[in-house]
Amino acid sequence: MPPSSLRVVYAFAREMHPKTSDVFIQYGTAGFRTKANLLEHVVYRMGLLAVIRSRVKNGRTIGMMITASHNLEPDNGVKLVDPDGEMLEQSWEEIATRLANVSDNDLESTTAEVIKEVNADMALKASVFIGMDTRYTSPRLAAAAANGVIALKGTPKEFGIVTTPILHFCVKCRNDNTYGTPTEEGYYEKIVGAFKNIRQKLPVSGDYNTTLYVDGANGVGGKKLNIIKKSLDGELDLKLFNLGGNGGKLNLNCGADFVKVSQKPPVGVEHAPFQRVASLDGDADRIIYYFLDDQNVMYLLDGDRIATLLASYITRQLAASGAHTLRLGLVQTAYANGGSTKYITEELKVPVSCVKTGVKHLHHAALAYDVGVYFEANGHGTVVYSDNAKKTIARIAREGEPEQRAAADLLLNFIDMTNETVGDAISDLFLVETVLCARGIAAPHWLASYQDLPCRQLKVTVQDRNAISTTDAERQCTSPEGLQSRINELVTTYKDGRAFVRPSGTEDVVRVYAEADTQLNADKLAAEVAQAVFELAGGVGARPELPA
Ligand code: 16G
Ligand code: MG
């Protein structure tokens, strides 16, 4: 592209999407995320970057998702999706941050520098898929994204309001047509189609019942399930709540993050004793389950539970199909409840690895297995299958003994039902429902497989959260000096005590996690660790209080 036409690009940027704030913004765990009114220039520039990335990838399609996931309505965000439907390669995060923060005057030279640095052939075609969540600020940001793409002569395709995982799926399909059709309909056909197929083969039995309540967090996931619901012929009776109407506010006192962190049921959902409820987050890439008993006590079935449920089912199916050579492994983070890790190693006897928070880390580690099951305790996760695993299972489904064939055939449907690109609340919901149905169990039975240790999460505001650095998959902190030894001392005073601290990647806070033998002890340990952070890492505002 001749320099003169680039000039127009930057003049356009200045006029249409000017940088109006000097607040530094960083491409974090899940892209850029902040107040929506600070993002327009960032999103425009990410449109430019997506085109550059597409050209570096030989014209393969890149995705841009406008969302701030589980954050409240005033926030928004943007993240880039790589050609295989995965998160943007980590080495590009720094480039994204640089481009987002330069002044309008330096945008031209910085973009030219980036193009040179990554060796992009600007004569190639470039394709960018753009999706957005239901926030009222999203359409404006999606338009800025498209303008950025057009500015560098890329081709944007807008998907309108979609879940984050639908966009990831479409990007993957566009670059690999064996995976599916790159449209929202293509997604339903593959994922929901596989669920319906499996229900033909696995009739409802035992204590499983087909009614499922869903908390849609007043976001996009509930709306999409409302579309899907109409095509389910009694295979699953979805009762949907928090669909965004009736004044319900996005993620406010509802949704997967609220339920998991506060350990309280969401507002806006009817409850019936022992009726399982699935709670989604605002962009539907997370899901957790829970139920209330007849005393209104809540029992959470979080990402760890979903991971163990899926891993044990797949392990059995692999054994039944005779695919003994395939290695299944599970990936968790430091947030995984100690109870789950014990169950996985001692009962399921499945290898488990622990990695840093953030989907990209889990996803990457899961690819090391033939079948990699990864979940964060907060409900973000999926299963990935190697080509070898898929080929082996498909071969058995064709050539195995009759019983092996049947097990392998079910597994093929299970794979089709899985959105392997990223954690997906809708796909995970169908996976969980399939396993519960196959085992003929209700939620209390699922809960009984192991016992969670009581836990508590807190946050502490400090002057600079980057003063906290960690190692060993965030389980140990290396600075500030003295904090880890203080945590060690505190932990030893509690039975089954475990605690860690880490700087958040999405909020300007330090997060504290603690677990212990009783809820009171977990609460106390968390508060004591929070106080230690406050003292040793430059806390600001009110000092964390100990529970009474
Ligand atoms: C983002 C991550 C999620 C992680 C969370 C941690 C993705 C798509 N999402 O939402 O995996 O659990 O950040 O947030 O990677 P925190 O750093 O604020 O604790
Ligand atoms: Mg999300």
Side-chain angles (χ1 to χ4, degrees), residues 1 9 27 30-32 43-67 78-96 99-100 111-112 114-132 142 144-160 162-187 189-191 285 359-360 363-364 366-367 382 384-387 390 418-424:
M1 194 180 293
V9 171
Y27 198 101
F32 293 106
V43 171
Y44 176 80
R45 291 159 182 215
M46 287 308 103
L48 305 177
L49 189 65
V51 170
I52 298 171
R53 180 89 183 137
S54 172
R55 292 193 172 126
V56 165
K57 293 286 172 187
N58 270 324
R60 295 176 87 209
T61 294
I62 296 294
M64 285 183 82
M65 183 70 199
I66 310 292
T67 181
V78 56
K79 55 187 163 192
L80 298 190
V81 179
D82 259 355
D84 286 326
E86 297 167 15
M87 300 291 187
L88 175 69
E89 185 183 301
Q90 224 170 322
S91 63
W92 277 59
E93 292 180 5
E94 177 275 320
I95 300 175
L99 202 60
T111 309
V114 169
I115 291 171
K116 197 160 164 223
E117 202 176 300
V118 299
N119 206 6
D121 177 353
M122 296 305 276
L124 290 177
K125 286 190 173 162
S127 149
V128 181
F129 282 4
I130 302 170
M132 62 179 173
N147 280 343
V149 174
I150 293 165
L152 284 189
K153 305 233 179 318
T155 308
K157 177 169 175 177
E158 295 197 53
F159 282 71
V162 283
T163 68
T164 296
I166 292 181
L167 185 80
H168 282 251
F169 174 90
C170 291
V171 169
K172 164 89 177 164
C173 293
R174 176 68 180 72
N175 294 313
D176 170 4
N177 60 16
T178 64
Y179 198 68
T181 312
T183 59
E184 188 172 329
E185 294 72 26
Y187 170 90
E189 266 163 37
K190 184 170 178 195
I191 307 259
D285 63 355
V359 173
K360 57 193 171 212
H363 191 92
H364 187 76
L367 292 173
T382 186
V384 289
Y385 299 84
S386 68
D387 285 344
K390 286 181 184 166
T418 310
N419 184 349
E420 290 178 77
T421 63
V422 78
D424 181 339

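Just so it is clear, the structure is predicted and the values come from calculations on it, not from any experiment.
Two residues are said to be in side-chain contact when any heavy atoms from C-beta on lie closer than 4.5 Å; L152 and M122 meet this criterion. Side chains of M87 and H363 form no contact here, defined as non-hydrogen atoms less than 4.5 Å apart. When side chains are defined from C-beta on, E420 counts as touching V384, because their heavy atoms get closer than 4.5 Å. Annotation: side chain of V162 is not in contact with side chain of Y187 (no heavy-atom distance under 4.5 Å). Taking the side chain as every heavy atom from C-beta outward, M65 and F129 never approach each other to under 4.5 Å.
Screening K172, R53, K360 for a salt bridge (charged side-chain N to carboxylate O under 4.0 Å, His left out) with D82, the sole residue that qualifies is R53.
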Practice prompt. In sequence, state the C-alpha distance, the side-chain angles, and the governing distance for D176 and D84, and then conclude on side-chain contact (heavy atoms from CB on, under 4.5 Å).
Written response: CA-CA 8 Å; D176 170 4; D84 286 326; 5.5 Å; no
Item to complete: Take V81 and T164 through the test side-chain contact (heavy atoms from CB on, under 4.5 Å) and record every step on the way to the result.
Response: CA-CA 10 Å; V81 179; T164 296; over 6 Å; no
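Remark: L48 CG to I150 CD1 distance equals 11.5 Å, nearest 0.5 Å. Atom CD1 of residue I130 and atom CD1 of residue I62 lie 12.0 Å apart, to the nearest 0.5 angstrom.
Scored by the side-chain hydrogen bond (donor to acceptor under 3.5 Å, both in side chains) test, R174 finds no partners at all (sequence neighbours excluded).
Within the 3.5 Å criterion, the main-chain N or O of V422 finds no donor-acceptor partner in the side chain of D285. N175 contributes a side-chain N or O that, together with a main-chain N or O of T61, makes up a donor-acceptor pair within less than 3.5 Å. Under the 3.5 Å distance criterion, the side-chain polar atoms of R55 are left unmatched by any main-chain donor or acceptor of A120.
Classified by interplanar angle (parallel below 30°, tilted 30° to 60°, perpendicular above 60°), the ring pair F169/Y179 is tilted.
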